[in-house]
Amino acid sequence: MTYVGNSLNLALVVALLVLAAGTVGATVLYQSGVADVEAQNEQLRAQNEQLREDLQSARDRIDSLRSEVDRLEERLAATNETLTEVRSERDAYREDLRAVCEGIRERNESLPEECENVE
């Protein structure tokens with residue numbers, strides 16, 4: 001019976017060693033996986049922060065461009081208003097020139113060069 005007891009004890013010791021080695025192996029594997037996940041999380045956090053900075057930079061650029069567009073639209077509106085005024089003055093001067101040229105024609109005088117192309 002001693003032989004069976006020694007074999008059983010030896011088997012139990014071997015089983016305990018295998019279980020202990022398995023537990024240690026699983027723990028090391030788990031810790032390695034956790035370290036990989038933590039490294040990946042840190043990398044993703046850094047990437048996320050960079051993307052946030054890029055997004056803020058893009059938003060700032062959009063705001064700047066919108067301000068520039070608003071400024072240019074105001075300038076365009078002012079230029080269009082000035083152009084309308086100048087065209088109106090030009091048309092008034094043409095009418096005056098037309099009237100003067102018509103008066104000269106009625107008096108049968110020779111027409112000045114300015115009257116040649118007046119409609």
Review point. Less than 4.5 Å apart, any side-chain heavy atom of Glu73 and any of Asp70?
Key: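 Glu73 vs Asp70: side chains touch.
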
Intermediate values then yes/no, side-chain contact (heavy atoms from CB on, under 4.5 Å), Asn48 and Leu44:
CA-CA 6 Å; Asn48 191 20; Leu44 290 172; over 6 Å; no

**OP:** Return each pair, listed once, that meets salt bridge (Lys or Arg N to Asp or Glu O under 4.0 Å) where at least one residue sits in residues 82-91; pairs must be two or more places apart or across chains.
**Re:**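 For residues 82-91, and leaving out neighbouring residues, there are no salt bridge (Lys or Arg N to Asp or Glu O under 4.0 Å) pairs at all.
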
Measuring from atom [atom1] of [X] to atom [atom2] of [Y], what distance do you get when rounded to the nearest 0.5 angstrom?
{"X": "Thr79", "Y": "Leu72", "atom1": "OG1", "atom2": "CG", "result": "10.0 Å"}
{"X": "Arg61", "Y": "Arg66", "atom1": "CZ", "atom2": "CZ", "result": "13.0 Å"}
{"X": "Arg105", "Y": "Arg98", "atom1": "CZ", "atom2": "CZ", "result": "10.0 Å"}
{"X": "Ile62", "Y": "Leu55", "atom1": "CD1", "atom2": "CG", "result": "8.5 Å"}
{"X": "Gln31", "Y": "Glu38", "atom1": "CD", "atom2": "CD", "result": "10.0 Å"}
{"X": "Asp96", "Y": "Cys101", "atom1": "CG", "atom2": "SG", "result": "11.0 Å"}

**OP:** Would you please name every residue forming a side chain to side chain contact (heavy atoms under 4.5 Å, CB included) with Glu49, sequence neighbours left out?
**Re:**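 Arg52, Glu53.
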
List the atom pairs, with distances to 0.1 Å, where a side-chain N or O of residues 21-29 and a protein N or O form a donor-acceptor pair under 3.5 Å, not counting sequence neighbours.
residue: Thr23; atom: OG1; partner: Leu19; partner atom: O; Å: 2.8
residue: Thr27; atom: OG1; partner: Thr23; partner atom: O; Å: 2.8

>> When you compare the side chains of Asp54 and Gln50, does any donor N or O come within less than 3.5 Å of an acceptor on the partner?
In response: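 Per modelled atom types, Asp54 and Gln50 side chains form a pair under 3.5 Å.
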
task: Verify, without hydrogens or angle tests, whether Ser88 (side chain) and Thr84 (backbone) share a donor-acceptor contact under 3.5 angstrom.
output: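 Not confirmed, Ser88 side chain does not pair with Thr84 backbone.
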
Review point. Checking salt bridge (Lys or Arg N to Asp or Glu O under 4.0 Å) for the pair Glu68/Arg71: CA distance, chi angles, key distance, verdict?
Key: CA-CA 5 Å; Glu68 180 70 11; Arg71 187 183 66 76; 2.6 Å; yes

